Amino acid sequence: MKVIKLARILAVTWACAAGAASAADPAATQPAAAPAPVPHGAKPAAKAAPPATAPNSAHTTTPAATAPAAGPAAGAEAAANADSAPLPPPSSAAQHLYASAKHDILQVRSLLKSGRTQSSVGSGFLIGTSNLVVTNYHVVSQFALDPDTYVGEWVDTSGQRGNVELLAVDVLHDLAVLRVNRNGTGFFKMPEQLARLTQGQYLYSMGNPLDLGFAISEGAYNGVIARSFYDQLMFTGPINSGMSGGPSVTADGSVAGVNVSKRLDGELVSFLVPARYAQDLLKKVEAQQKAPSDFTAVVAGQLLAHQSAMVNQLLASPLSLKPMGPYQVPVRESEQMRCWGRSNVKADKPFTVDDASCAMESAIFVSGSLQTGQISIRHQFLRSTGLDKLRFAQLSSASFKNEHFGSNKDTRLTGPNCTEDFVKNKDLPLRAVLCVRAYRKFAGLYDFALLTASTDQGLMSLQSRLDARGVSYENGLRLSRVFLESLSLAQQKPKKGGAK
């Protein structure tokens with residue numbers, strides 16, 4: 001079977017990709033492809049107008065994108081459009097909370113080592129009477145991944161400042177723990193038994209919105225969001241850029257979560273990292289003898305763990321099969337993965353195009369230019385309604401060649417190494433292209449793109465694409481095989497007729 005042949009050829013593709021990956025180069029320029037919450041709290045330093053949040057720091061979430069080649073909620077770009085409206089005046093309860101807590105709220109800054117100029121800002125909070133600070137990973141991502149270029153600094157509400165030491169990161173839940181040279185007053189505690197939340201109860205989020213000064217905003221807790229791969233709390237209240245990493249507390253001051261993101265396409269739809277994940281990271285810090293010397297390796301290990309869980313969950317049960325013309329196409333509909341469909345049927349067109357797309361609604365933020373750990377599926381069914389076979393072949397061929405697999409100039413990943421072949425699975429002959437790109441900075445991670453086109457019909461064509469971003473080589477092959485083998489002809493219903 002040529003499916004096996006395609007997999008064998010990939011061994012060479014992998015060797016090339018792995019070799020190219022050794023020409024490591026840090027960050028990148030192009031936003032990653034996968035929609036989802038993008039950090040919206042760490043706002044880059046700016047002297048004029050509302051700052052664009054490149055390295056983000058109060059993620060800005062946008063709806064999931066459907067095209068595999070287009071980036072996901074384009075992190076930095078989405079954050080650049082973050083709502084800059086001023087927060088509403090706080091209630092008396094909020095004022096009392098803020099007065100009690102303000103001494104333990106910090107602004108966390110990322111500075112260029114050269115000249116110590118400000119690059120991005122977020123928020124954080126001191127735990128108990130210790131010198132440990134909880135914040136978001138995306139607030140500290142610059143000096144976590146590139147400590148030779150960036151350094152961290154804290155500033156409190158009285159204007160005191162000092163350097164920070166990064167102790168631990170949790171890239172999957174977007175959390176980090178820092179050590180600073182001052183202690184908390186004891187207001188923010190992370191007890192063994194965390195506060196139990198009920199739908200509709202008031203929460204109060206604190207931070208430094210838009211680098212304008214420390215502030216508090218109030219809203220309501222509205223349950224756990226299941227569409228994210230990892231639990232997040234829905235906070236119906238304003239969170240603006242610069243507030244990422246700040247605490248969200250109950251009326252009695254118990255920590256409920258950590259500010260992390262908001263939706264740009266909704267009103268007051270914001271998200272918090274549940275406090276239990278911060279609690280787990282603090283326990284890890286307590287147990288470790290010293291901080292890791294290389295956080296890039298730590299992030300890589302966590303991303304590898306994520307992709308394993310992500311692929312295992314996706315393939316835990318057979319993919320669903322949906323009819324498209326005479327074909328059956330694989331999709332996955334779940335809490336984490338949503339599907340959409342559309343058709344361009346028009347009377348003035350000599351052909352029709354039906355689209356079906358599925359994509360995960362969350363991705364893992366790694367840096368201002370990279371989000372990963374996401375899978376998307378797309379199917380396109382083209383059918384002639386007025387073209388002859390030659391003209392339709394030109395149309396379908398142009399559509400197939402119009403796919404993009406990445407640039408050779410990308411500093412985050414190697415250029416695409418592609419293998420093309422004609423294969424046949426069970427009953428459907430296909431033209432297949434498989435492209436693999438290696439991450440330059442995170443060893444063992446790859447982006448896979450599989451593109452197929454049916455070759456059994458002259459006046460119709462099924463073109464399908466699978467994109468798996470931030471997966472191991474073995475899991476990339478595993479996903480590609482399952483996807484390829486799931487494409488098939490629809491089963492024909494037997495014709496009714498009596499015996500003669």
Side-chain angles (χ1 to χ4, degrees), residues 21-32 38-47 51-59 74-77 79-80 106-124 133 135-155 161-171 174-181 208 211 241-242 244-245 290-303 364-372 407 409-414 438-443 445:
S22 62
D25 198 321
T29 49
Q30 223 172 316
V38 207
H40 153 101
K43 116 180 180 30
K47 292 184 181 179
T53 61
N56 300 327
S57 187
H59 282 224
E77 292 179 17
L106 303 180
Q107 185 181 72
V108 180
R109 298 177 174 178
S110 182
L111 309 176
L112 281 168
K113 272 189 174 180
S114 174
R116 305 242 343 154
T117 51
Q118 188 168 292
S119 176
S120 70
V121 299
S123 300
V133 174
T135 185
N136 286 141
Y137 161 77
H138 73 258
V139 171
V140 305
S141 61
Q142 287 181 309
F143 56 88
L145 300 179
D146 194 4
D148 293 333
T149 305
Y150 298 96
V151 67
E153 178 184 71
W154 63 268
V155 181
R161 66 186 61 215
N163 293 331
V164 304
E165 179 188 1
L166 183 58
L167 298 181
V169 300
D170 178 354
V171 69
D174 203 346
L175 291 171
V177 174
L178 312 171
R179 181 157 53 206
V180 299
N181 56 342
N208 193 306
D211 198 19
S241 293
S244 276
K290 62 178 183 178
S293 57
D294 180 8
F295 279 97
T296 296
V298 173
V299 170
Q302 293 178 2
L303 292 175
I364 303 299
F365 178 95
V366 179
S367 70
S369 58
L370 178 63
Q371 292 179 64
T372 191
S407 166
K409 297 179 181 179
D410 195 331
T411 56
R412 303 164 307 168
L413 297 99
T414 62
Y439 284 64
R440 297 183 188 274
K441 200 163 186 173
F442 303 105
L445 289 175

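Model, not experiment: these values are computed from the prediction. Just so you know, these numbers use all the heavy atoms, side chains as well, and skip hydrogens, waters and symmetry mates.
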* **Pair V121-N208, side chain to side chain contact (heavy atoms under 4.5 Å, CB included): steps then yes or no** => CA-CA 9 Å; V121 299; N208 193 306; over 6 Å; no
* **side chain to side chain contact (heavy atoms under 4.5 Å, CB included) between L445 and T372, intermediate numbers included** => CA-CA 10 Å; L445 289 175; T372 191; 5.6 Å; no
* To do: Given side chain to side chain contact (heavy atoms under 4.5 Å, CB included), test Y150 with L111 step by step and report yes or no.
  => CA-CA 5 Å; Y150 298 96; L111 309 176; over 6 Å; no
* Report the C-alpha separation of V366 and Y439 in whole Å, then their side-chain angles, then the decisive distance to 0.1 Å, and conclude whether the side chain to side chain contact (heavy atoms under 4.5 Å, CB included) test is met. => CA-CA 12 Å; V366 179; Y439 284 64; over 6 Å; no
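Of all the heavy atoms in N136 and G245, the pair that sits closest is OD1-N, 2.7 Å. Across all non-hydrogen atoms, the minimal contact from R440 to T414 is NH2-CA, 3.8 Å. Nearest heavy-atom pair, F295 versus A144, reported as atom, atom and distance to 0.1 Å: CB-O, 3.5 Å. Smallest separation of non-hydrogen atoms from S367 and S141: CA-OG, 4.4 Å. Between N163 and W154 the shortest heavy-atom distance is O-CD1, 3.4 Å. G124 and V108 get closest at one heavy-atom pair: N-CG2, 4.1 Å.
We find the CZ-CG distance between F365 and L370 to be 8.5 Å, quoted to the nearest 0.5 Å. If you take OG on S123 and CD on Q107, they are separated by 6.5 Å, rounding to the nearest 0.5 Å. The CG atom of L106 sits 9.0 Å away from the OG1 atom of T135 when rounded to the nearest 0.5 Å. Rounded to the nearest 0.5 angstrom, K441 NZ and T411 OG1 are separated by 9.5 Å.
D294 is linked by a side chain to side chain contact (heavy atoms under 4.5 Å, CB included) to T296, A297, counting only residues two or more places apart in sequence or in another chain. Shown here are the side chain to side chain contact (heavy atoms under 4.5 Å, CB included) partners of P147, two or more places apart in sequence or in another chain: there are none. Shown here are the side chain to side chain contact (heavy atoms under 4.5 Å, CB included) partners of R179, two or more places apart in sequence or in another chain: N131, L132, E165, L167.
With hydrogens and angles disregarded, a donor-acceptor distance shorter than 3.5 Å links the side chain of D174 to the backbone of H138. Remark: the backbone N or O of V139 is not paired with any side-chain donor or acceptor of S110 at under 3.5 angstrom. Using modelled atom types, no side-chain atom of Y137 and backbone atom of A168 make a donor-acceptor pair closer than 3.5 Å. Q302 places a side-chain N or O within 3.5 Å of a backbone atom of V171 that can act as its donor or acceptor partner.
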